[in-house]
Chemist: 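Dumping the structure here so I can ask a few things about it.
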Amino acid sequence: MAVTVGGGASAGAGATLPDWFTSKKKNPSNLIVARWVPIALVGLPVLTLLAIVIYPTIWMFYHAFQDTNMMRLFQHNWSFVGFENFKTVLSSARFGDSVWHLVLYLTFGTGLEVVLAVILALTLYEVVKNSLLRVILLVLIVLPMMLPPSIVGVLWKFMLTPSNGAVNHALLNMGLISTPVEWFNAGVSLWSIIIADVWNWTALPLLIIYSGRVSLPPAVYEAARVDGAGGWMVMRRITLPMLKEVIAIAFIVRFMDAFKFVDLVYVMTSGGPAQTSELPAYIAFQRGIREFAIGEAAAYAIVIFACSAVIITLFLKYLKKVLKAQAIA
Amino acid sequence: MAGITLKNVNKIYPSRYGPVHAVKDFNLEINDGEFVALLGPSGCGKTSTLRMIVGLETISSGEILFDGRRVNELEPRDRNVAMAFETYALYPNFTIAENLSFPLEVRGMGEAERKKKIDKIAQIMRLESILEQKPPMLSGGEQQRVSLGRALIRDPDAFILDEVMSHLDANLKFQMLHDLKILHRELGKTMVYVTHDQMEALALADRIAVMDHALLQQAGTRNEVYREPANRFVADFIGEPPTNFFDMLVRRNGNDVNIVSEDGAISFSPPEKLTKVLATNNIDAVTLGIRPQHLGLSGTDGKSCSLKAEVHINEYLGERSILTLKSGNETFRALVPPYTSAKKGETVKLHYAPEDLMLFDAKTTNLIA
Ligand SMILES: Nc1ncnc2c1ncn2[C@@H]1O[C@H](COP(=O)(O)OP(=O)(O)O)[C@@H](O)[C@H]1O
Ligand SMILES: [Mg+2]
């Protein structure tokens, strides 16, 4: 039965709603609180969501098809240009380069993070048996993830300073290099960002995989011990296959982040030198926020969104198929 | 091949609420090739005992020997025993065939030979139709059979089986008990079979070790634990329907001994052998046990003594009937042929052989023999 908000609710509504909600006998001020609090609790987040997510998204889709820039925006005289912005984006060499950078970043950054996370998480689980020590190590590993990206960027910019940076200093002392590496030259700067990112974010897939390992059934490992399987055999035939989905999910989480990866690029290299370390999201940011080519930036954002949506949908489909084959989903 | 010896084995688990003494001073010698059932109610320490034999649990004190060789410190794989787990513990990412194959693969057996063994065990365990499925899709009974199959497919020194038939339907269980018995005869390997179901233990085992409250109560052949239970618990746990117990007093009259209830309503005449024992010791209070199977309505088969009781309930169970009877303050049961016409309220004469009486010291609950 429907209850008219603020109006007199019929007594029959008591069948589905609690007494204090519908009763007319209760203290009236209490009643007002009881009626409006739930509406406010649901309504405010919805309004907030509308304001900061839904409205800007619609706004973005609209302007992707307009020739909006800063001047036109203030003068309110933008006009419809069809797919012109998309043509600009897709035909620009700058975008093509950034996609290649993204591929490198996904392979060597995100990929390395997940591989490292698997190795570290499983080593931590298998080798460190003392639970207190485990917690301490986990906290240490998670620390970089808790720093704000701007701090991480600045920190690594210092560390990688070619003259006197901590990294070059260490490499020189260990005799691995004879002349300082120019970490922020063209061709190298992207790798500097990747290094900082791996340091920053490996802990996230690590936590996901570690908790996945913790929740694997111990009885299966006892069976393997009795069956006589050695540590490596168990790892290869049992642990890793059972963690497959968890690892895939850890990868997806980092994969999605890659499409909106701006912060470290901005702080460490600003995409330079000569746009050699730009990623797609950074160009959208640069064109929209810094240069106010609103229409073009919106087109960038939509292209990135569409690509990531397609890839991730395919990925999830695949994952679902795997899970189904394993009779889990 | 291995005989297994447990010497003063103890298991104490540390826990948040203080130590749990799960197995106390356990002594048992299991001969090579023997089929021993470890029987007891749930929580009595059966699984803990098995896990120590297999090597999954440390031994708090005492020794476990395989063929006289101490194995306390050995890893499970160095003990060369196969185990089927109460919780199945199947590899969830493997198909049933791969589950069965894994222990063989670990031992480096070739593909063709593995295939042959899998086919054989799948046939015994009736798994042929589900070999390509994965464990999470199977019913509890099917998973249990896979788990048993994965243990039996190996060629170990001993098989350790923990409640491996608890989730099978009655019919299938009956078949599998039979098959397991045959398999044991064929393989001639030591088997330790844990169960809380006395029927399984009686059906399978050469010897039954009865446990309760972390203690081994008695180890003996089927006949021994059934006919001469070491104490009241064993008499109660083995046999279906449960044994009748009466709290009785011993009345001595010169060389003659009678066992009577406190209100004098029931009296039993003990067999000659016990009469002699009771005449010389000074036990006054006893618990008398007699199995429902041993109370009959006719005086044949050496049932030379009798008592009178009033029929309370007559339950017809197909191939037999159970009479619930009352005499004085005591209620007890008798197993009689079906279609017994005794009606409620009718007084009947129940015959028994004095040799079937079991007497337990009321204080210690131990058998008087
Ligand atoms: N890992 C453990 N930690 C603490 N107590 C345990 C543990 N395993 C078993 N126990 C306790 O030991 C007793 C015997 O358990 P178990 O050997 O599993 O009995 P059963 O197999 O006869 O049912 C139980 O009281 C149980 O709660
Ligand atoms: Mg158990």
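Fair warning: this is a prediction, and the values are worked out from it, not measured in the lab. Here is how names work: the chains are called A, B, and so on, in the same order as the sequence lines, proteins then strands, and each is numbered from 1. Worth knowing before you read on, the calculation uses all heavy atoms, side chains too, and leaves out hydrogens, waters and symmetry mates.
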Chemist: Do B:Gln144 and B:Ser166 pair up side chain to side chain, a donor and an acceptor below 3.5 Å, judged on atom types alone?
Modeler: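 Yes, because at least one side-chain N or O of B:Gln144 sits under 3.5 Å from a partner of the opposite role on B:Ser166.
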Chemist: Under 4.5 Å heavy-atom distance to chain A, tell me which part of B:Tyr88 shows up: side chain, backbone, both or neither.
Modeler: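 Neither part, no heavy atoms under 4.5 Å.
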Chemist: Is B:Glu75 in contact with chain A via its backbone, its side chain, both, or neither, using a 4.5 Å heavy-atom distance?
Modeler: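 Just its side chain gets close to chain A.
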Chemist: Any chance the side chains of B:Ser60 and B:Asn10 put a donor and an acceptor closer than 3.5 Å?
Modeler: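 B:Ser60 vs B:Asn10: no donor-acceptor pair found between side chains.
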Chemist: So which part of B:Arg79 gets closer than 4.5 Å to some heavy atom of chain A, the side chain, the backbone, both or neither?
Modeler: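 Interface part for B:Arg79: neither.
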Chemist: Mind ranking A:Pro218, A:Pro217, A:Ala219 by heavy-atom pairs under 4.5 Å with chain B and telling me who comes out on top?
Modeler: A:Ala219
Chemist: So, is the end of the B:Arg150 side chain (NZ or CZ) under 6.0 Å from the ring centre of B:Tyr91 and within 45° of the ring's axis?
Modeler: yes
Chemist: What part of B:Leu90 lies closer than 4.5 angstrom to a heavy atom of chain A: side chain, backbone, both or neither?
Modeler: backbone
Chemist: Taking atom types as modelled and ignoring hydrogens, do the side chains of A:His101 and A:Glu278 form a donor-acceptor contact shorter than 3.5 angstrom?
Modeler: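 No, A:Glu278 and A:His101 have no side-chain donor paired with an acceptor closer than 3.5 Å.
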Chemist: For a quick check under 3.5 Å, do B:Thr58 and B:Lys11 share a side-chain donor-acceptor pair by atom type?
Modeler: yes
